Amino acid sequence: MAAAFLRMGFILLALGWGAACCAQAAPAAPPPETSASSPVDDAVQEQLLQQAMAQIKAGMNADAINGPLAQVIHAYETAYAHSKKQVYCAETLTEAFLYSGIASSNHQDSVVLSKPNWAMAYYLRGYAYVSMGDLVHAEASLKQALALSPFNSQFLSELGNVYEDEKNWSSALDKFQSADGAAEFAPPEQKITLRCHALRGQGYVLVELHKLDEAVQKYNACLSISPGDQRSIDELGYVRELQAKAER
């Protein structure tokens with residue numbers, strides 16, 4: 001699992017959530033139906049999420065779970081409990097079109113919420129549970145986040161972190177690989193950071209699986225897009241040491 005302050009950095013990527021949802025784009029699929037008139041006061045929920053993030057950063061994980069995150073989750077679950085449509089949350093218009101296309105191909109009516117606050121609440125709750133060492137509830141909450149945002153790279157990597165902590169290497173590798181691909185749908189300013197997180201996750205798992213050459217490839221892939229990534233540099237040095245020992 002990444003160090004707490006590094007993982008908090010990934011949480012703070014969420015501060016820019018939803019900014020691109022109303023941008024112009026050339027759709028490759030039917031335009032997604034968005035919840036322009038949300039039954040939930042999104043601004044209030046965003047304030048609660050900010051409060052929760054501050055509490056988590058201060059180590060007040062239980063307070064965040066039982067306080068602001070519970071309020072946000074209750075608000076959205078109540079509002080959409082009886083919806084007959086498949087509900088999604090997207091951070092970018094590209095992601096929104098993707099979900100709309102998936103629903104269309106499955107002959108489902110869908111709606112993409114104009115703010116991903118609901119999914120973010122599940123994600124933050126999962127993150128808080130991880131910090132408390134409660135991996136069972138963390139996994140469940142992150143899966144709820146991914147049910148709303150299945151191609152969110154940040155959520156996928158965090159679930160990969162949970163599987164990593166559980167030493168469930170195959171599931172961890174699968175989630176980090178998915179997170180790498182899903183970074184393509186993230187806001188442009190986040191793509192490199194999210195890809196490197198996913199690539200380092202793959203590298204870590206591959207080392208544990210004694211696939212050192214493949215691990216080297218993953219760390220080098222991160223360095224090819226972020227040459228100064230110190231964690232990849234450090235991990236690559238460690239893997240090189242392991243390779244040298246194996247050759248003796």
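These numbers were taken from a predicted model, which means no experiment stands behind them.
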Run Gln45 and Lys115 through side-chain contact (heavy atoms from CB on, under 4.5 Å) and show every step you take. CA-CA 10 Å; Gln45 309 315 313; Lys115 296 285 186 178; over 6 Å; no
Looking at [X] and [Y], would you say the former's side chain and the latter's main chain have a donor-acceptor pair under 3.5 Å?
{"X": "Ser157", "Y": "Gly160", "answer": "no"}
{"X": "Ser232", "Y": "Leu223", "answer": "no"}
{"X": "Ser178", "Y": "Asp174", "answer": "yes"}
{"X": "Glu235", "Y": "Arg231", "answer": "no"}
{"X": "Ser226", "Y": "Gly228", "answer": "no"}
{"X": "Lys191", "Y": "Glu184", "answer": "yes"}
{"X": "Tyr219", "Y": "Tyr204", "answer": "yes"}
{"X": "Asn66", "Y": "Ala62", "answer": "yes"}
{"X": "Thr78", "Y": "His74", "answer": "yes"}
{"X": "Ser104", "Y": "Gly101", "answer": "no"}

Would you say the side-chain atoms of [X] and [Y] include a donor-acceptor pair closer than 3.5 Å?
{"X": "Glu91", "Y": "Asn152", "result": "yes"}
{"X": "Tyr127", "Y": "Asn161", "result": "no"}
{"X": "Gln217", "Y": "Asp213", "result": "no"}
{"X": "Asn168", "Y": "Ser171", "result": "yes"}

Side-chain heavy atoms under 4.5 angstrom apart, residues restricted to Ile, Leu, Val, Met, Phe, Trp, Tyr: same cluster for [X] and [Y]?
{"X": "Leu199", "Y": "Leu173", "value": "no"}
{"X": "Leu69", "Y": "Val44", "value": "yes"}
{"X": "Ile192", "Y": "Phe185", "value": "no"}
{"X": "Val130", "Y": "Ile65", "value": "no"}
{"X": "Met53", "Y": "Met60", "value": "no"}

Mind running side-chain contact (heavy atoms from CB on, under 4.5 Å) on Arg125 and Gln144 for me, showing each step along the way? CA-CA 10 Å; Arg125 187 174 69 178; Gln144 287 177 296; 2.6 Å; yes
Does the side chain of [Y] come within less than 4.5 Å of [X]'s, by heavy atoms?
{"X": "Leu98", "Y": "Ile102", "result": "yes"}
{"X": "Cys196", "Y": "Ile225", "result": "yes"}
{"X": "Val216", "Y": "Gln243", "result": "yes"}
{"X": "Leu135", "Y": "Tyr129", "result": "no"}
{"X": "Ser110", "Y": "Tyr99", "result": "no"}
{"X": "Asn117", "Y": "Tyr76", "result": "yes"}
{"X": "Pro150", "Y": "Tyr88", "result": "yes"}
{"X": "Asp109", "Y": "Lys84", "result": "no"}

Strictly by salt bridge (Lys or Arg N to Asp or Glu O under 4.0 Å), give each pair with a member in residues 136-145 just once, sequence neighbours left out.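 Sorted result for residues 136-145: Glu139-Lys143.
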Please find the pair of heavy atoms, one from [X] and one from [Y], that lie closest to each other, and give the distance.
{"X": "Ala96", "Y": "Ala90", "result": "N-CB, 3.6 Å"}
{"X": "Lys175", "Y": "Leu156", "result": "CB-O, 3.6 Å"}
{"X": "Gly203", "Y": "Ala215", "result": "O-CB, 3.6 Å"}
{"X": "Ala121", "Y": "Ile73", "result": "CB-CG1, 3.7 Å"}
{"X": "Gln86", "Y": "Ala147", "result": "NE2-O, 4.1 Å"}
{"X": "Ser149", "Y": "Ala119", "result": "OG-CB, 3.5 Å"}

When rounded to the nearest 0.5 angstrom, what distance separates CG in Asp229 from NE2 in His197?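 So the CG of Asp229 and the NE2 of His197 are separated by 11.5 Å.
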How long is the straight-line distance from CG of Leu212 back to CD of Glu241, given to the nearest 0.5 Å?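 Taking CD in Glu241 and CG in Leu212, the distance rounds to 12.0 Å.
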Please lay out, stage by stage, how Lys218 and Asp180 fare under the test salt bridge (Lys or Arg N to Asp or Glu O under 4.0 Å). CA-CA 11 Å; Lys218 299 303 179 183; Asp180 186 13; 5.6 Å; no
Please walk me through it: do Trp169 and Lys167 pass side-chain contact (heavy atoms from CB on, under 4.5 Å)? CA-CA 5 Å; Trp169 304 123; Lys167 302 189 185 304; 3.8 Å; yes
Could you go step by step and tell me if Leu142 and Tyr122 meet the side-chain contact (heavy atoms from CB on, under 4.5 Å) rule? CA-CA 6 Å; Leu142 290 168; Tyr122 287 134; over 6 Å; no
Would you call the rings of Tyr80 and Trp118 parallel, tilted or perpendicular, taking 30° and 60° as the class edges?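 Judged by the thresholds at 30° and 60°, the geometry between Tyr80 and Trp118 is parallel.
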